[in-house]
Each structure stands twice: as structure tokens, then as C-alpha cells.
Amino acid sequence: MRPANPDLHCHSTASDGVLSPAAVVERAVAHGVDLLALTDHDELSGLAEARAAASSHRLSFLDGVEISVSWGEDHTIHVVGLGIDATNPRLVEGLARVRAGRDSRARRIGEELSRYGIADAYAGALKYVGNPALVSRSHFARYLVECGVAPDVRSVFERWLAKGKPGYVPHVWAELTEAVDWIRAAGGVAVLAHPARYRLASAERHRLYAEFKAVGGVGIEVVSGAQDPSASREIAETCREYGFLASRASDFHGPGESYADLGAIAPLPEGLTPIWSLWR
Ligand code: AMP
Ligand code: MN
Ligand code: MN
Ligand code: MN
């Protein structure tokens with residue numbers, strides 16, 4: 001497969017995106033994407049709709065997922081699974097377990113915010129939720145913007161929802177090995193999402209790459225929506241060093257909200273093996 005404009009990571013209302021799965025596909029087509037993977041957080045329920053829409057538009061489509069992982073000293077890492085069988089019982093059951101803690105976490109986020117004078121944030125966040133099994137910090141962020149607490153989603157995270165901020169509630173997600181095992185059991189390939197986003201010291205960062213490789217991870221997002229070109233060059237270096245396959249992705253969540261729109265991302269740097277070479 002030699003797509004000209006692949007986009008292998010994005011979100012719909014099945015998790016914290018703002019467009020329905022079919023609307024994501026239509027927007028991808030309109031933006032010239034020619035290979036798409038929908039990768040909702042810890043959730044597969046948007047895939048059937050997206051796949052059907054992709055098929056009616058003759059868009060090449062991969063079933064995907066983005067799994068939340070707790071790693072090392074209290075870090076949250078995201079692992080994308082591509083080309084998965086969305087009916088695989090191990091994956092389905094694993095994800096159900098990862099999702100299970102989200103509602104009580106969300107209630108606690110609401111309680112924390114109320115201690116800082118922001119009332120009823122849990123109920124407010126729910127207004128933005130498309131899938132009750134998947135309440136995310138993004139939904140809180142949208143509600144806090146509505147309340148006028150901050151001008152946009154990005155600043156809400158910086159002030160209220162990022163690690164160490166007043167509305168942050170620590171949570172235990174899947175283990176790295178589990179997430180990769182579920183993806184592999186479902187016939188997919190595991191890709192480390194947006195590596196530049198993790199606040200890791202250099203030694204720790206290399207431990208993550210080595211461990212990801214050792215447990216069966218095969219790819220790394222070299223180009224990711226929110227990332228500047230110098231970060232992409234650094235990750236390209238890592239990609240070669242560890243023998244990962246390179247992915248390219250917008251991590252699109254919604255018009256006006258994401259850093260990059262569907263397909264509107266840089267090409268892969270030279271000299272990398274693209275992950276889409278796996279699908280012919
Ligand atoms: P959760 O899985 O509920 O912890 O929510 C994580 C989601 O919050 C991510 O997938 C992003 O969509 C969003 N997010 C996290 N950090 C930021 C940030 N600094 N700016 C904007 N969105 C963010
Ligand atoms: Mn998200
Ligand atoms: Mn992510
Ligand atoms: Mn994502």
C-alpha cells in the first residue's frame with residue numbers, strides 16, 4: 001500500500017472527538033486522506049459506522065484503537081493499535097476493563113473542581129459526552145470553556161486538568177504489556193502514540209522505547225498533529241535506532257479544536273519504513 005496522504009490516528013464521538021464516526025470519514029475524504037484509521041480512546045464502538053462510511057466512499061480504512069496505559073513512575077502513555085479485529089474477545093474484554101474506571105474518575109474530577117469553586121462540572125462534562133462509557137478530560141475541558149473558566153481547551157488543560165493541576169485525578173490504566181498483547185491477539189500492530197507528548201527524562205524515554213519494543217511494539221508516530229518539525233526529526237532518529245516502523249497521524253479531535261486537521265500533517269521524513277507497508 002502506497003497512500004499519498006495516510007492519517008492513522010483520530011477520534012470520533014465514540015470517545016472524545018466531536019464528530020460522529022461517519023462525519024470523521026467524510027471530512028477525511030474531503031481533506032484528501034487516502035488511508036484512514038479511527039482510533040478512539042479505549043473504545044471500538046465507532047468502528048462499524050466508520051468502516052461502512054469508508055467503504056461507501058471507497059476510502060482505505062483500518063480498524064484502530066488508542067489504549068490508555070500507565071507506565072513507570074506514574075506516567076500515562078498511549079498505544080495505538082492498527083489493523084485490529086474489533087471482535088477479538090481479549091481486546092474487547094481488556095478495553096471494557098480499561099473503560100470501567102472512567103465514570104468514577106470523572107465524578108472525582110467533578111469533586112476536585114468543585115473545591116475550587118467550579119460547581120457541577122461532572123454534569124456539565126456529560127453534556128459533551130457522546131458515549132457514556134467514555135467520559136474524558138476533553139469533555140470537562142469543553143464544559144470549562146463554556147463556563148468561561150479559560151478561553152480554549154488547551155488553556156483549560158494547562159490550568160486545570162493536566163497532571164499536577166487542581167482537577168487532575170490520578171488513574172491506573174492498562175499495563176504496557178497488556179495493551180500490546182491485546183492488540184497482537186486481535187491481529188493488529190502496536191504503535192507508540194505522540195512520543196513527544198510524554199514528559200520523560202532522556203534515560204526514561206529510552207527505557208520506554210526499549211520496553212515497548214521488547215513487549216512487541218512495532219511502530220512509533222513520527223509525525224503527529226501537535227508536534228513541531230524538530231520533534232519529528234528527533235523521533236525519526238529514534239525510529240531508525242530502534243527499528244520501528246513509522247506512522248503519520250493528525251490525532252484529530254474536532255474542527256477548530258485540534259492542532260492539525262485530518263490529513264493536514266507533514267510527510268514522513270526520508271529513510272523510514274512506513275507502517276502502511278504492512279498492508280497490501
Ligand atoms: P483522558 O483519557 O480522559 O485522560 O483524556 C486525555 C485526552 O485529553 C487526550 O486524548 C487529549 O484529547 C486531551 N488532552 C490531554 N492533554 C491535553 C492538552 N494539553 N491540550 C489539549 N488536549 C489535551
Ligand atoms: Mn483525546
Ligand atoms: Mn493520545
Ligand atoms: Mn489520540
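Whatever order the structure lists them in is the order used to number ligands and atoms, beginning at 1.
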(message) So, applying side-chain contact (heavy atoms from CB on, under 4.5 Å) with I84, which one of L62, T39, V189, L44 is it?
(response)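 Running side-chain contact (heavy atoms from CB on, under 4.5 Å) over L62, T39, V189, L44 with I84 returns exactly one hit, L44.
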Within-cut-off N or O pair, [X] and ligand 1, under 3.5 Å:
{"X": "S138", "value": "yes"}
{"X": "S68", "value": "no"}
{"X": "R137", "value": "yes"}

(message) Run the salt bridge (Lys or Arg N to Asp or Glu O under 4.0 Å) test against R137 and tell me which residues pass, sequence neighbours left out.
(response) none
(request) Could you tell me the residue and atom name of the protein heavy atom closest to atom 5 (O) of ligand 1, and the distance to it rounded to 0.1 Å? (result)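 The answer is S136 OG, 3.4 Å.
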Salt-bridged, [X] to [Y], with N to O below 4.0 Å?
{"X": "R197", "Y": "E221", "answer": "no"}
{"X": "E93", "Y": "R90", "answer": "no"}
{"X": "E111", "Y": "R108", "answer": "no"}
{"X": "D16", "Y": "R142", "answer": "no"}

Which bit of [X] gets closer than 4.0 Å to ligand 1, counting heavy atoms only: side chain, backbone, both or neither?
{"X": "L161", "value": "neither"}
{"X": "H171", "value": "neither"}
{"X": "H11", "value": "neither"}
{"X": "H253", "value": "side chain"}

(request) Return yes when R105 approaches ligand 1 closer than 4.0 angstrom through a heavy atom, no otherwise. (result) yes
(message) Could you check whether any heavy atom of R102 sits closer than 4.0 Å to an atom of ligand 1, since that is the contact criterion I want to use?
(response)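 Right, R102 reaches ligand 1.
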(message) Donor-acceptor pair, distance only, cut-off 3.5 Å: does the side chain of Y198 make one with the backbone of H78?
(response) yes
(request) Quick one: name the protein N/O/S atoms under 2.8 Å from the Mn ion (ligand 4), chain by chain. (result) H9 NE2, H11 NE2, E66 OE1, D251 OD1
